2 protein chains.
Amino acid sequence: MDTEDEFLIGPTHRELLDQVLDKWSLSVLSELCERPCRFNELRRAIPQVTQKSLTATLRRLERNGVVEREVVSTRPVAIRYRITPLGKTLRPPIDVLLAWASANMPAITRARDAFDLREEESRMGG
Amino acid sequence: MDTEDEFLIGPTHRELLDQVLDKWSLSVLSELCERPCRFNELRRAIPQVTQKSLTATLRRLERNGVVEREVVSTRPVAIRYRITPLGKTLRPPIDVLLAWASANMPAITRARDAFDLREEESRMGG
DNA sequence: CAGGATCCAATTAGATACTG
DNA sequence: CAGTATCTAATTGGATCCTG
């Protein structure tokens with residue numbers, strides 16, 4: 001237990017969430033929650049990701065135990081990535097996050113517009 | 001209930017979550033959920049953050065409408081940051097995330113150790 | 001106190017080229 | 001197919017100095 005009485009985040013949790021919720025992880029996990037995928041399937045499903053970043057993301061997720069890399073010994077070997085049981089437990093949190101994003105997108109867009117407008121005005125009047 | 005084949009994240013949601021869940025945002029939001037804070041209070045509460053990053057984080061959160069910047073016209077002006085009603089709606093998702101991190105930290109540590117061990121072995125065994 | 005401005009180091013991303 | 005290796009461009013982070 002920490003000495004803090006309230007909820008504080010701490011470097012350990014921060015680091016973990018960084019690894020599991022980073023730029024491409026959410027998309028990869030979303031894909032793999034639906035079905036196991038091969039490398040190039042994932043690339044096609046997430047067109048913006050580069051090969052390099054996808055490789056890095058998969059390695060990181062594998063290291064953290066939420067994704068599993070399976071070598072299928074067919075002719076020119078296939079690699080199959082699948083979500084692990086531990087990885088599946090991430091889905092509710094992710095869904096809550098996505099639900100929040102969907103529900104509040106309009107309010108956030110309004111907030112951004114208002115902020116940008118105030119900024120612009122202060123540049124002119126300031 | 002499960003979504004079927006079509007839950008994809010999309011650049012808009014990704015960008016939003018990037019802005020609101022980035023490296024320092026979670027810590028800042030956690031602090032501000034408890035009480036309004038001044039700039040240097042936040043710095044002390046999150047010792048690792050630099051002034052530059054804290055400023056950037058606060059601006060971003062303000063722009064997205066989850067944090068409010070209030071100028072208190074006392075003698076050498078005080079600035080008070082507080083969470084907005086919109087920002088408060090972020091707390092359940094964050095709590096779910098933190099709960100997940102806490103609950104699964106041991107499993108993840110084991111996964112990391114196992115992965116690192118496999119890596120090390122494969123470096124030795126060729 | 002609450003930053004802005006600036007310089008620099010380090011990390012990260014993108015584009016190619018190549019391999020078993 | 002599933003990557004590794006490499007180079008470079010762009011972004012980020014830290015340290016320092018400065019101000020109202």
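Small disclaimer: the values here were computed from a predicted structure and weren't measured. To find a chain, count down the sequence lines: A is the first, B the second, and so on, and within it residues start at 1.
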When you get a sec, tell me which of [options] is the closest nucleotide to the side chain of [X]?
{"X": "R44(B)", "options": "dC1(C), dG3(C), dA13(C)", "value": "dC1(C)"}
{"X": "K23(A)", "options": "dA13(C), dG3(C), dC1(D)", "value": "dA13(C)"}
{"X": "T55(B)", "options": "dG14(C), dC1(D), dG3(C)", "value": "dG3(C)"}
{"X": "Y81(A)", "options": "dG3(D), dG4(C), dC1(D)", "value": "dG3(D)"}

Just how far, in rounded Å, is [atom2] of [N] from [atom1] of [X]?
{"X": "D18(A)", "N": "dT11(C)", "atom1": "CG", "atom2": "P", "value": "15 Å"}
{"X": "L58(A)", "N": "dA2(D)", "atom1": "CG", "atom2": "P", "value": "11 Å"}
{"X": "L54(B)", "N": "dG3(C)", "atom1": "CG", "atom2": "C1'", "value": "10 Å"}
{"X": "F39(A)", "N": "dC1(D)", "atom1": "CZ", "atom2": "P", "value": "10 Å"}
{"X": "Q48(B)", "N": "dG13(D)", "atom1": "CD", "atom2": "C1'", "value": "14 Å"}
{"X": "D22(A)", "N": "dT11(C)", "atom1": "CG", "atom2": "C1'", "value": "14 Å"}
{"X": "Q51(A)", "N": "dA17(C)", "atom1": "CD", "atom2": "P", "value": "14 Å"}
{"X": "K52(A)", "N": "dT11(D)", "atom1": "NZ", "atom2": "C1'", "value": "13 Å"}

Would you classify [X] as touching base, sugar-phosphate or nothing, given that sugar-phosphate means primed atoms plus P, OP1 and OP2, and contacts are heavy atoms under 4.0 Å?
{"X": "R43(B)", "result": "nothing"}
{"X": "R69(B)", "result": "sugar-phosphate"}
{"X": "R59(B)", "result": "sugar-phosphate"}

So which atom in T89(B) and which in L86(B) form the shortest heavy-atom distance, rounded to 0.1 Å? OG1-O, 2.5 Å
How close do T57(A) and S25(A) get, counting heavy atoms only, and between which atoms? CG2-OG, 3.7 Å
If you round to the nearest 0.5 Å, how far is NE2 of H13(A) from CD of E15(A)? 11.0 Å
Rounded distance [0.5 Å steps], CG in L90(B) versus SG in C33(B): 8.0 Å
Angle between terminal axes - the helix from dC1(C)-dG20(D) to dG20(C)-dC1(D), 5 pairs each end, rounded to 10°: 50°
Earlier contact from the 5' end, DNA chain D, for T50(B) and V77(B): T50(B)
Hey, does the side chain of R38(B) come within less than 4.0 Å of dC1(C)'s phosphate (OP1/OP2), counting only N and O? no
Is there a donor-acceptor pair closer than 3.5 Å between any side-chain N or O of S53(B) and the backbone N or O of V49(B)? no
With a 4.0 Å cut-off on N to O distance, would you call R112(B) and D116(B) a salt bridge? no
Side chain proximity check, Y81(B) to V28(B), heavy atoms < 4.5 angstrom: no
